[in-house]
Amino acid sequence: MTGEELDRAIEFLIQNQAKSEARLDRLEQLFAETGKQIERNAETVSQFIEIVTRTFERLEMQQARTDQRIAETNAQIAETRARGAETDARLDRIAALVERNIRGGNGNS
């Protein structure tokens, strides 16, 4: 190998080393940027989880209130039905009384 060939080989190796170092620097920069992005994403995900958790807690409370209101409404419906049955029985007795009075007092018409 001549001196000129050796110089070219050394120059080639130096250029390749410089390119490798430039690529390595770029990769280190990309890794740093990726790390920062991961941190931002982790923070965003944490905030999202917190929001979703609070939302589900509120929904759970609202569902409990709704369930309570439904139970109260069902109780009121049952009470109304019972009163309706009592009212129907009274109306039946009144109707029978009116019927007897129309027929002559004791139902002997």
Side-chain angles (χ1 to χ4, degrees):
M1 181 178 253
T2 66
E4 187 177 309
E5 289 174 334
L6 184 60
D7 287 344
R8 279 191 298 215
I10 291 172
E11 182 63 31
F12 175 78
L13 291 173
I14 290 172
Q15 287 176 359
N16 278 341
Q17 181 65 31
K19 288 178 186 176
S20 293
E21 286 179 14
R23 281 188 235 134
L24 184 60
D25 288 344
R26 179 66 181 140
L27 285 175
E28 287 174 351
Q29 181 183 5
L30 288 173
F31 281 134
E33 290 172 8
T34 301
K36 289 176 185 176
Q37 184 63 44
I38 288 171
E39 287 176 16
R40 286 191 297 268
N41 288 346
E43 185 176 329
T44 300
V45 168
S46 293
Q47 291 171 353
F48 176 75
I49 289 170
E50 186 178 323
I51 290 168
V52 169
T53 300
R54 284 195 314 258
T55 300
F56 276 116
E57 288 170 351
R58 284 194 305 268
L59 285 172
E60 185 178 17
M61 289 172 33
Q62 289 173 348
Q63 184 63 48
R65 285 194 301 265
T66 299
D67 290 345
Q68 179 63 34
R69 288 180 183 153
I70 288 172
E72 290 169 0
T73 300
N74 286 341
Q76 290 171 350
I77 289 171
E79 185 178 330
T80 301
R81 284 183 179 158
R83 287 182 183 166
E86 291 172 9
T87 301
D88 286 347
R90 287 180 185 156
L91 286 174
D92 287 345
R93 288 193 302 269
I94 290 172
L97 180 63
V98 169
E99 209 41 58
R100 277 194 307 257
N101 284 333
I102 290 175
R103 289 188 184 167
N106 56 12
N108 291 334
S109 326

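Note: hydrogens, waters and symmetry copies are ignored here, and every other heavy atom, side chains too, is used.
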Participant: Is there a side-chain contact between T53 and E50, using heavy atoms and a 4.5 Å cut-off?
Facilitator: no
Participant: Does a sphere of radius 6.0 Å around CZ in R81 hold more than 12 heavy atoms from other residues, nucleotides or ligands, not counting ones at 6.0 Å or beyond?
Facilitator: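 12 or below, so no.
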Participant: Could you measure the distance from the CD atom of Q68 to the OG1 atom of T66? Nearest 0.5 Å is fine.
Facilitator: 10.5 Å
Participant: How many angstroms lie between atom CZ of F31 and atom CG of L27, to the nearest 0.5 angstrom?
Facilitator: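 If we round to the nearest 0.5 Å, F31:CZ and L27:CG are 6.0 Å apart.
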Participant: Report the residues that fulfil side-chain hydrogen bond (donor to acceptor under 3.5 Å, both in side chains) with Q76, sequence neighbours left out, ordered by chain and then residue number.
Facilitator: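 In terms of side-chain hydrogen bond (donor to acceptor under 3.5 Å, both in side chains), with neighbours along the sequence ignored, Q76 is linked to no residue.
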Participant: Apply side chain to side chain contact (heavy atoms under 4.5 Å, CB included) to the pair Q62 and L59, showing each step before the final yes or no.
Facilitator: CA-CA 5 Å; Q62 289 173 348; L59 285 172; 3.8 Å; yes
Participant: Rounded to the nearest 0.5 Å, how far does CD of Q47 lie from CD of E43?
Facilitator: 5.0 Å
Participant: Report the distance from atom CG of D88 to atom CZ of R93, rounding to the nearest 0.5 Å.
Facilitator: 11.0 Å
Participant: Does the side chain of D25 reach to within under 4.5 Å of the side chain of E28, using non-hydrogen atoms?
Facilitator: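 D25 reaches E28 side chain to side chain.
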Participant: Could you tell me whether the side chain of K36 reaches within less than 4.5 Å of the side chain of E33, counting heavy atoms only?
Facilitator: no
Participant: Would Q37 and R40 count as having a side-chain donor-acceptor pair, cut-off 3.5 Å?
Facilitator: yes
Participant: To the nearest 0.5 Å, what is the distance between CG (L91) and CG (L97)?
Facilitator: 12.5 Å
Participant: Answer whether the closest heavy-atom distance between the side chains of L30 and R26 falls below 4.5 Å.
Facilitator: yes
Participant: What's the spacing between T34 OG1 and N41 CG if we round to 0.5 Å?
Facilitator: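 Here the interatomic distance stands at 10.5 Å.
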Participant: Within the supplied structure, the quantity of interest is the number of heavy atoms (other residues, nucleotides, ligands) at a distance under 6.0 Å from Q29 CD; does it exceed 12?
Facilitator: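 Enclosed.
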Participant: Can you establish whether the number of heavy atoms outside E60 located under 6.0 Å from its atom CD is more than 12?
Facilitator: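 Result for CD/E60: open.
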